[in-house]
Amino acid sequence: MQKIGVFVCWCGSNIAGTVDVGRVVEAVRQEPGVAFAADYQYMCSDSGQNLIKSAVKEHGLTGIVVCSCSPRMHEATFKKTAAAAGLNPYMVEIANIREHCSWIHKNMEEATEKAIVLARAAIAKVLKDAPLTSGTTEVTKRALVIGGGIAGIQTALDIAEAGFAVDIVEKQPTIGGRMAQLDKTFPTLDCSACILTPKMVDAGANENIELFTYSEVESVKGFVGNFTVTIRKKARSVRADLCTGCGECTEKCPSRKTKNEFNMGMDTRGAIYIPYAQAVPKIAVIDREHCLHFKTGKCGLCERTCSAKAIDFAQEDELVTRNYGAIVMATGFQMIDPSGFGEFGYGKSKDVLTSLEFERLMNAAGPTGGHLVCPSDGRHPKHIVFIQCVGSRDTSGCGKPYCSKICCMYTAKHAILVRDKYPDVSVTVFYIDVRTPGKNFDEFYRRAVEEYGVQYVKGMVGKVTREGGRLKVQGSDLLNDRQLHLEADMVVLAAAIEPDPTARSVASMLTASIDTNGFMTEAHPKLRPVESPTAGVFLSGVCQGPKDIPETVAQASACAAKVIGLLCKQKLVNNACVASSDPLLCNGCSSCEKVCPYGAITYEERELNDKGVRRTARVAVVNEAVCQGCGACTVACPSGAMDLKGFTNQQIMAEVDAICR
Amino acid sequence: MPETTRETVLRISGTNTRKCMLCGKCSGSCPAYDAMDYRPHQFVAMVERGEIAPLLQSKSLYACMSCFACVERCPRGVQPASLIEALRAMVLREREHTRLPAQLIPELIDAGTPQQAVVSAFRKLSK
């Protein structure tokens with residue numbers, strides 16, 4: 001005989017303001033199995049929890065129902081309370097009479113009635129609850145970081161610092177990511193490469209870190225603590241153990257027409273190349289698509305040039321399979337292609353650039369050696385127009401609905417850099433809003449205006465056209481109620497940033513969710529910002545949302561802290577609410593195996609004793625360590641063999657019956 | 001007396017002025033800007049504030065070339081030209097019998113002109 005205790009929380013006035021808690025208590029006392037019922041102002045407080053504990057002991061309760069807030073809020077709290085009183089924590093049910101009732105209703109009569117019905121359903125369920133015990137699994141003490149930009153590097157360095165092994169997978173031939181392409185960093189104007197490359201070197205030299213560059217994640221299996229990942233190391237056609245990074249081959253390569261990705265395609269590179277001088281690892285790679293040897297079978301000049309004998313045309317992709325306890329997404333971003341906005345003339349005139357292209361143009365290691373010249377004819381510019389919010393805050397379908405966050409600041413940076421180095425060049429910035437929250441950020445923007453004389457115009461450019469070798473910019477100047485027609489030599493578009501296109505496929509391999517804009521979703525937008533809702537998957541950097549370098553590094557270290565917290569654990573407690581199959585009912589159809597998103601179900605031959613009749617059958621078996629308790633299999637099972645512990649079909653039906661009674 | 005409220009303009013134009021984020025791209029795009037007393041972005045703001053009467057008197061209704069550049073380029077899907085078009089329709093409804101005779105229309109149409117512009121232009125020329 002079950003003895004149920006029902007505890008109704010006021011939540012101050014949150015619940016008691018709309019629900020007559022006294023009447024709920026009176027009503028539930030009439031329910032079968034209820035041995036005790038009480039209300040209290042704050043059930044989650046110490047004294048509220050003590051009320052529960054003493055009632056369990058005094059009345060010998062076998063199960064409890066707490067009528068309070070969402071189980072997402074305090075289910076764990078009350079489970080702990082029950083456990084402290086000697087109850088199995090799975091003998092606790094929560095009736096959500098706050099979010100599902102008091103907060104959304106105004107009429108006390110109706111809300112009270114609904115609260116009673118919700119309590120009744122929870123009582124019906126707890127009567128059918130069975131004590132459950134969680135299993136445990138081991139944790140593999142190694143982490144995988146996907147993406148080798150500043151976010152991935154920082155996360156990996158912090159994890160390695162704590163003494164754990166960590167691998168970085170980077171699809172480019174070098175780590176460094178976007179930050180390596182930047183010239184200076186706001187608001188201090190320190191050189192991006194100067195602060196990034198030591199970290200790249202650290203990552204390459206750290207004995208706990210292994211780099212898989214020019215590599216991609218091929219497949220992911222498993223679950224938190226026990227992921228199995230296959231990494232494809234693409235063939236570099238250069239032996240990493242022999243190449244010294246001297247660069248001789250890259251100079252001799254006769255194929256010179258390939259666009260240099262590092263310089264945003266503004267100059268060319270050889271088919272065999274090292275992305276840039278500070279690349280880590282500094283190993284050449286052959287771009288087979290453009291290599292004469294791979295295209296025609298002739299050439300082989302690099303092979304003859306290489307004194308280290310490192311060129312290996314026959315090299316093949318290599319698959320490496322490793323186990324990891326945690327996986328970090330650090331897949332970063334790219335800039336959108338603004339050619340969809342025909343009015344700005346991007347792609348029609350070489351002098352219309354994206355900000356990242358401009359960044360390379362200003363960089364001493366860029367295509368012009370840091371000399372600011374118009375890409376169309378190499379002339380010195382007299383006037384440069386910057387346009388902000390190109391494709392950001394755009395709901396027309398052409399751009400992105402969000403604010404890209406970094407553009408206001410880097411545009412101010414570009415304007416300052418231009419005016420500082422070339423005081424003869426005038427600079428106009430068209431803005432919708434200038435958004436500069438951040439330490440020393442607004443001061444930086446004001447310096448652009450006050451010290452460097454950058455013209456900020458509140459308005460937007462409607463048209464950029466070519467006229468006599470220069471550009472004509474037509475835009476609004478809203479504060480002065482006029483339309484401007486400016487002559488410019490260069491137009492720089494602060495185009496929106498978007499998640500790297502590879503993030504989507506990696507996320508689906510990890511069963512980690514992404515939002516409508518392709519950014520990774522956090523487990524909680526405020527309180528769990530570096531964890532994915534998928535256990536064991538963590539988020540670092542812009543893959544989660546637009547952010548600048550300081551914020552990225554802060555988040556990367558926060559992410560590392562979470563990973564270290566996981567890897568430190570000796571064992572992980574599994575979810576006790578897992579699926580299980582009744583072998584006598586299972587018809588061996590494999591429906592459950594097909595729908596299981598975690599690969600937790602397998603089939604095996606079993607000898608069964610079916611009411612005295614012995615038979616052998618192929619039946620479903622659930623790996624309880626892998627099962628996440630999603631319940632997809634219980635829905636798919638046509639024979640009613642599959643059930644979810646803690647949420648059995650019987651329990652759900654009892655709840656429905658109680659509501660309909 | 002026909003209605004001259006904000007709601008009427010919004011209903012006829014089918015646009016939502018609250019989507020406007022005051023970027024000014026409409027006025028940055030407009031080829032007839034200098035001929036206007038109220039500018040495209042002001043149409044959006046004034047309709048939103050319910051200041052319809054001055055717009056009905058505005059020169060801009062007939063300066064607007066119905067090129068729809070503002071509609072095309074608005075990042076928020078606000079349609080300033082549709083507001084202007086709606087206001088023109090309201091002016092016409094107020095003064096009866098000012099439409100172009102139907103038989104004159106075919107010879108005025110150039111096959112390359114967008115249909116919306118043709119319709120707007122007739123309303124504009126019917127003042």
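The basis for the numbers below is simple: all heavy atoms, side chains too, and nothing from hydrogens, waters or symmetry mates. Here is how names work: the chains are called A, B, and so on, in the same order as the sequence lines, proteins then strands, and each is numbered from 1.
For the pair Asp481(A) and Arg39(B), the salt-bridge criterion is met [side-chain N within less than 4.0 Å of a carboxylate O].
Summarising the local packing, NZ of Lys400(A) is surrounded by more than 12 heavy atoms from other residues, nucleotides or ligands at distances under 6.0 Å. No more than 12 heavy atoms of other residues, nucleotides or ligands sit less than 6.0 Å from atom CZ of Arg18(B). Within a 6.0 Å radius of CD in Gln455(A), no more than 12 heavy atoms belonging to other residues, nucleotides or ligands are found. No more than 12 heavy atoms of other residues, nucleotides or ligands lie within 6.0 Å of CZ in Arg466(A), so this atom counts as exposed by the packing criterion. For Lys350(A), the NZ atom sits in a loose shell: 12 or fewer heavy atoms of surrounding residues, nucleotides or ligands are nearer than 6.0 Å.
Shortest non-hydrogen contact noted between Phe341(A) and Lys25(B) is CD2-NZ, 4.4 Å. Nearest heavy-atom pair, Ser29(B) versus Gly462(A), reported as atom, atom and distance to 0.1 Å: OG-CA, 3.3 Å. When all heavy atoms of Ser476(A) and Cys23(B) are compared, the closest pair comes out as OG-O, 4.3 Å.
When heavy atoms are compared at a cutoff of 4.5 Å, Cys70(B) does not approach chain A at all.
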- Task: Please report the C-alpha distance between Glu72(B) and Glu343(A) in whole Å, then the side-chain angles of each, then the deciding distance to 0.1 Å, and finally whether the side-chain contact (heavy atoms from CB on, under 4.5 Å) criterion is met.
- Result: CA-CA 10 Å; Glu72(B) 177 65 25; Glu343(A) 62 269 30; over 6 Å; no
- Query: Could you go step by step and tell me if His41(B) and Leu478(A) meet the side-chain contact (heavy atoms from CB on, under 4.5 Å) rule?
  - Reply: CA-CA 9 Å; His41(B) 72 279; Leu478(A) 296 186; 3.5 Å; yes
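Looking only at distances, no side-chain donor or acceptor of Ser396(A) sits under 3.5 Å from a matching main-chain atom of Arg76(B).
Under the 4.5 Å side-chain criterion, counting only non-hydrogen atoms from C-beta, Met460(A) is not in contact with Arg73(B).
Cys30(B) SG to Gln474(A) CD: the interatomic distance, rounded to the nearest 0.5 Å, is 8.0 Å. Interatomic distance, CG of Asp394(A) versus SG of Cys74(B), reported as 8.0 Å (0.5 Å rounding). The CD1 atom of Ile432(A) sits 4.0 Å away from atom CE of Met21(B), with the distance rounded to the nearest 0.5 Å. Taking CG of Leu22(B) as the start and NZ of Lys458(A) as the end, the distance is 5.5 Å to the nearest 0.5 Å.
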